[in-house]
Asker: 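This is the structure I want to talk about, given as structure tokens.
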Amino acid sequence: MKGLPSILFLSSLHFLVFNICTAVDTVSPSQFITGLVSSGGRFELGLFPAGNCKAWYLGIWYKNFSNIVVWVANRENPVSGSNGTFTLTQNGSLVLLDQMNNTIWSSSSSTIVEDPVAQLLETGNLVVRDKASTGSESYVWQSFEFPSDVLLAGMKLGWDFRTGLNRFLTSWKNASDPSLGEYTYRIVNLSLPQLVLAKGSEIKFRSGPWNGLRFTGFTVLNNEILTRSYVYDTNELYYSYETKDPSLITRLQLTEWGEMQRLVLKEGSTEWTELYNLVNDRCDSYGECGANGICKISISPICDCLNGFVPKSQQEWEVLNWTSGCIRKTPLCQKEDEFLRIQNVKLPDLLNFRINKTQAIQECKADCLKNCSCVAFAMSEGCLMWFGDLIDMREFIDAISEQYIYIRMPASELGDSSQKKKRVMLIAVISATCVLLFLGLSCWCIIRKKKQRKRGSRSKKENKELPLFDFQTIAAGTSNFSRKNILGEGGFGPVYKANLGQEQVVAVKRLSKDSGQGIDEFKNEVTMIANLQHRNLVKLLGCCIEGEERMLIYEYMPNKSLDSFIFDQNRKKFLNWKKRVDIIVGTARGLLYLHQDSRLRIIHRDLKSSNILLDNELNPKISDFGIARIFGLDQTEGKTKRVIGTYGYMSPEYAIDGNFSVKSDVFGFGVFLLEIVSGRRNRGFHHPDHHHSLLGHAWLLWHKEKSLELLDPCLEDSYVEFEVLRCIQVGLLCVQKLPSDRPVMSSVVFMLSNEGATLPQPKEPGFFTERNSMDGDTLISKGRSITGDVITITTLEAR
Ligand SMILES: *[C@@H]1O[C@H](CO)[C@@H](O)[C@H](O)[C@H]1NC(C)=O
Ligand SMILES: *[C@@H]1O[C@H](CO)[C@@H](O)[C@H](O)[C@H]1NC(C)=O
Ligand SMILES: *[C@@H]1O[C@H](CO)[C@@H](O)[C@H](O)[C@H]1NC(C)=O
Ligand SMILES: *[C@@H]1O[C@H](CO)[C@@H](O)[C@H](O)[C@H]1NC(C)=O
Ligand SMILES: *[C@@H]1O[C@H](CO)[C@@H](O)[C@H](O)[C@H]1NC(C)=O
Ligand SMILES: *[C@@H]1O[C@H](CO)[C@@H](O)[C@H](O)[C@H]1NC(C)=O
Ligand SMILES: *[C@@H]1O[C@H](CO)[C@@H](O)[C@H](O)[C@H]1NC(C)=O
Ligand SMILES: *[C@@H]1O[C@H](CO)[C@@H](O)[C@H](O)[C@H]1NC(C)=O
Ligand SMILES: *[C@@H]1O[C@H](CO)[C@@H](O)[C@H](O)[C@H]1NC(C)=O
């Protein structure tokens with residue numbers, strides 16, 4: 001999408017010419033414009049497309065990151081066609097018009113100004129004010145009052161009681177549809193406010209109640225870069241933040257899949273990083289442990305019943321299904337009741353509660369005892385009492401608050417639990433002693449081992465130490481390898497997103513268990529691969545070994561893989577022609593490095609669009625390289641009995657005979673190149689006129705000199721003809737049937753980046769036979785197993 005706003009500028013040249021060349025940040029009545037840029041150049045306002053380039057929206061985005069839209073005016077009412085304009089009326093309303101001058105959207109300010117002007121401020125706020133005054137009091141309308149899915153510094157989330165305005169975030173429907181999505185993040189319940197993240201009416205996360213100063217239930221409080229303000233008075237109730245360092249760029253975003261992310265742009269960097277996610281661990285997810293349960297992230301399993309309670313269904317509890325929660329062992333109000341004090345917990349949800357702001361603790365306690373349905377109380381903004389079940393409690397690990405809650409229980413139980421406590425203490429002391437002894441012993445062993453190793457490992461010295469990640473950390477960071485955290489499923493196992501705390505988000509590849517390698521061999525292999533560094537390779541950060549488990553830890557790429565862009569009707573627009581050429585060339589450079597320039601001469605063997613990841617600037621990074629080596633398939637050229645690859649990307653000689661060489665990767669690269677140019681998958685390609693694959697189709701068009709027809713229709717506005725033709729020619733050369741007819745990667749890079757280079761004429765590509773209606777029939781025959789996308793052929797004979 002990066003190029004689109006500028007295309008818009010060009011196509012609208014017939015509108016006022018004078019403000020097209022110099023970016024302006026203000027608009028006065030009767031000026032018709034298509035864009036504004038804030039004075040310091042941080043934000044830009046204009047129209048952007050979504051859907052099939054048909055729906056256009058008025059929005060504000062970072063000038064340097066045009067795919068990060070922070071505000072949308074007409075979320076539910078797009079302009080159909082790109083020729084929208086917007087203007088300011090004499091009375092100070094901003095209006096968005098389509099090309100027939102129909103009003104699509106208008107700001108409805110109640111105040112009329114004499115001499116209005118609209119301005120896009122450097123904070124990202126679009127304001128309407130009187131020309132003569134500049135203070136924030138003089139704004140008659142501002143976009144900050146109507147947030148979309150992003151909370152920028154200075155924006156308020158919450159209520160203005162004077163006007164009845166409630167500002168809250170609503171997610172986009174999906175990444176390419178800015179209309180109102182299911183998720184909201186807002187301040188609810190005015191008698192004692194809480195911040196709530198919800199999907200429709202289902203609560204996903206809540207901040208815990210207000211305690212007069214702040215919300216009590218956040219586990220992520222990073223105060224180093226932000227100054228937060230919480231305001232609750234008769235006029236207003238809101239949360240907002242400012243950055244301590246004004247040059248720091250940050251945003252809080254409610255994603256379309258329901259995460260609240262704090263993202264920052266590191267100084268001097270062009271990459272956004274996720275600083276934290278509001279839902280920090282499993283215990284943050286609403287009501288994880290059911291009624292009267294308490295979530296403790298430090299223990300396993302994480303759910304426990306409150307003291308005096310037992311699981312409602314022991315059976316379900318044992319299979320870690322906590323939904324039905326816990327019930328009392330002994331009912332209340334039988335004999336005498338007492339209170340058990342618990343510290344450092346998130347107060348339960350305010351479902352059925354009472355608050356008396358003037359009561360002190362003794363009165364509060366007495367009041368609670370008077371009513372048999374009162375189950376707990378706490379002192380927070382006064383006396384807070386709960387009736388009925390206690391939902392969504394968690395334990396905080398770090399002593400964040402001095403907050404106590406008093407849980408009511410029969411006095412008999414209380415004695416019980418204090419005796420239990422003593423027993424627990426004793427056990428704890430004994431185990432601590434044991435642990436200490438054990439630790440001492442292990443330290444001694446490790447030191448001894450290290451000394452031994454130092455003597456015999458000089459050859460390894462040139463490699464940097466490979467960081468070993470702790471299994472527990474990874475398990476916790478992936479919510480115990482929860483399906484929710486799966487980013488993708490590769491040929492060698494699933495990939496998880498792991499949040500390791502302290503701003504570190506990584507991708508974890510959990511290798512399937514048949515690598516057949518010992519620990520030392522594995523470590524050695526991983527270390528060598530981790531030392532390969534190239535800007536077009538995903539960085540391998542380390543590994544994790546635990547028993548049979550082998551995991552590789554990679555840098556995390558928030559933009560996911562290339563196939564999630566080019567094969568997606570909506571996201572493909574973010575990659576214009578220039579960007580696609582950059583991705584092709586970058587990938588070629590990465591592959592060249594693997595083949596030729598690195599010390600290891602690596603054949604990737606599974607190059608495909610889903611193995612090309614994109615960083616924040618949409619630079620390509622090859623992933624999964626070198627895994628074939630880890631799996632013990634480490635010859636540089638030869639034959640293998642075990643073919644690993646993906647149907648549609650495998651060269652004929654590799655798929656059929658198990659012969660592989662750098663030229664098999666070149667074939668895979670050619671397929672990838674034709675896919676990115678056409679925006680279509682080789683696998684599953686269909687054409688009404690013939691049964692050829694994408695490669696065959698490309699060849700037929702080339703033969704008829706109609707190659708441009710192969711181009712992704714979405715690129716119509718941005719392509720450069722001779723570049724397209726050259727790319728397609730290189731692509732066809734790479735997928736030639738005979739390995740000797742395919743160029744090596746250094747030639748590919750040369751051909752792609754030199755306009756003057758003369759290219760050989762391609763011949764028929766590999767697999768140029770019409771297929772039966774069943775895709776893939778020609779290739780996969782007996783004895784070969786297919787698992788999803790990846791086929792593993794195990795019974796091939798090495799001929
Ligand atoms: C945008 O990017 C350019 C070049 O990378 C940089 O010089 C400029 O400071 C950036 N602008 C902002 C507002 O960050
Ligand atoms: C926008 O205006 C241009 C120039 O007048 C015209 O060629 C184009 O067809 C218009 N686009 C749409 C979508 O109406
Ligand atoms: C301002 O003008 C717009 C369009 O001209 C109109 O729709 C709107 O009602 C006016 N607002 C006020 C407050 O008069
Ligand atoms: C829209 O309004 C502008 C300014 O009044 C005018 O120049 C233009 O011709 C109008 N366009 C249409 C399609 O009515
Ligand atoms: C996004 O939503 C639109 C309309 O709601 C739908 O047509 C489109 O397929 C969705 N895109 C994705 C990637 O889910
Ligand atoms: C909000 O507070 C009122 C009264 O204080 C209470 O009755 C109501 O249940 C609360 N609503 C929610 C959604 O917590
Ligand atoms: C957990 O138990 C509830 C009944 O209490 C049942 O409805 C639900 O399906 C169970 N969940 C799973 C994952 O088994
Ligand atoms: C709050 O508590 C005080 C003292 O116990 C009592 O006088 C007052 O009526 C209570 N207020 C409410 C609203 O219950
Ligand atoms: C106890 O408290 C509940 C909830 O506030 C209330 O409905 C009920 O009437 C009270 N019972 C008594 C005996 O005061």
Side-chain angles (χ1 to χ4, degrees), residues 188-194 199-204 209-212 232 234 258 279 281-295 300-306 308-339 347-394 404-410 475 478-486:
V188 297
N189 210 335
L190 300 180
S191 87
L192 197 58
Q194 299 192 85
K199 179 184 188 183
S201 57
E202 181 195 348
I203 302 179
K204 291 292 186 185
W210 178 268
N211 70 354
Y232 189 12
T234 49
V279 180
D281 58 37
R282 274 179 79 189
C283 286
D284 274 341
S285 101
Y286 184 77
E288 183 75 17
C289 296
N292 308 310
I294 181 162
C295 195
S300 175
I302 53 175
C303 285
D304 202 355
C305 285
L306 286 168
F309 290 79
V310 289
K312 187 167 179 194
S313 157
Q314 191 63 40
Q315 260 174 330
E316 280 173 19
W317 202 263
E318 272 162 16
V319 296
L320 309 185
N321 181 350
W322 301 299
T323 43
S324 51
C326 308
I327 48 169
R328 269 186 200 283
K329 278 192 242 174
T330 321
L332 294 177
C333 280
Q334 303 296 95
K335 288 184 201 151
E336 203 188 335
D337 287 343
E338 259 302 335
F339 289 93
L347 295 180
D349 196 9
L350 307 175
L351 296 175
N352 189 355
F353 76 105
R354 210 158 63 195
I355 183 161
N356 185 331
K357 296 194 177 174
T358 60
Q359 277 177 326
I361 184 162
Q362 290 314 325
E363 296 166 295
C364 194
K365 182 176 170 181
D367 241 21
C368 185
L369 282 174
K370 270 185 222 154
N371 187 326
C372 283
S373 24
C374 176
V375 294
F377 76 92
M379 299 306 293
S380 181
E381 276 281 80
C383 165
L384 191 54
M385 281 186 259
W386 282 266
F387 303 87
D389 284 333
L390 301 172
I391 308 278
D392 194 35
M393 291 182 73
R394 72 163 294 163
Y404 297 105
I405 183 169
Y406 299 83
I407 311 273
R408 182 173 178 181
M409 58 180 58
T478 54
S479 309
N480 247 325
F481 303 101
S482 143
R483 296 197 61 81
K484 270 199 260 175
N485 284 41
I486 292 190

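In each ligand, atom 1 is the first atom listed, and ligand 1 is the first ligand listed. Reckoned from all heavy atoms, side chains included, excluding hydrogens, waters and symmetry mates. These figures come from a predicted structure and were not determined experimentally. Index from 1, following the sequence.
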Asker: When you measure from the SG of Cys295 to the SG of Cys289, is the result less than 2.5 Å?
Answerer: no
Asker: Can you list the residues that meet the side-chain contact (heavy atoms from CB on, under 4.5 Å) rule with Glu363, with sequence neighbours excluded?
Answerer: Gln359, Ala360
Asker: By the definition side chain to side chain contact (heavy atoms under 4.5 Å, CB included), identify the one residue from Pro410, Cys374, Cys372 that meets it with Leu332.
Answerer: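 When Pro410, Cys374, Cys372 are each tested with Leu332, the side chain to side chain contact (heavy atoms under 4.5 Å, CB included) holds only for Pro410.
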Asker: Go through ligand 8 atom by atom and flag the ones less than 4.0 Å from a non-hydrogen atom of Glu363.
Answerer: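 Matching atoms, with element in brackets: 4 (C), 5 (O).
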Asker: Taking only heavy atoms of Thr358 into account, list the atoms of ligand 8 that are under 4.0 Å away from them.
Answerer: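 Answer, ordered by atom number: 1 (C), 2 (O), 3 (C).
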Asker: Identify, with sequence neighbours excluded, every residue that meets side chain to side chain donor-acceptor pair (under 3.5 Å) alongside Lys204.
Answerer: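 Result, side chain to side chain donor-acceptor pair (under 3.5 Å) vs Lys204: Glu202.
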Asker: In ligand 8, which numbered atoms sit nearer than 4.0 Å to a non-hydrogen atom of Asn356?
Answerer: 1 (C), 2 (O), 3 (C), 8 (C), 10 (C), 11 (N), 12 (C), 14 (O)
Asker: So, is Asn371 polar-close to ligand 9, with some N/O to N/O distance under 3.5 Å?
Answerer: yes
Asker: How does Lys370 reach ligand 9, by side chain, by backbone, by both or by neither, if only non-hydrogen atoms under 4.0 Å count?
Answerer: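 It is neither; nothing of Lys370 touches ligand 9.
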Asker: Just by modelled atom types, is the Ile294 backbone N or O under 3.5 Å from a matching donor or acceptor in the Asp304 side chain?
Answerer: no
Asker: Would you say Gln314 has more than 12 foreign heavy atoms packed within less than 6.0 Å of its CD?
Answerer: yes
Asker: Mind checking side-chain contact (heavy atoms from CB on, under 4.5 Å) for Lys335 and listing every partner two or more places apart, or none if nothing turns up?
Answerer: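 side-chain contact (heavy atoms from CB on, under 4.5 Å) check on Lys335 returns nothing, list empty.
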Asker: Ser373 heavy atoms, cut-off 4.0 Å: which ligand 9 atoms fall inside?
Answerer: 1 (C)
Asker: With under 30° as parallel and over 60° as perpendicular, where do the rings of Tyr406 and Phe377 fit, or are they tilted in between?
Answerer: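 If you compare the ring of Tyr406 with that of Phe377, the planes turn out parallel.
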Asker: Under 3.5 Å, is there a donor-acceptor pair between the side chain of Trp386 and the main chain of Asp349?
Answerer: yes
Asker: Run through ligand 7 for me and note each protein residue having a heavy atom under 4.0 Å from it, chain first, then residue number.
Answerer: Glu316, Asn321, Thr323, Ser324
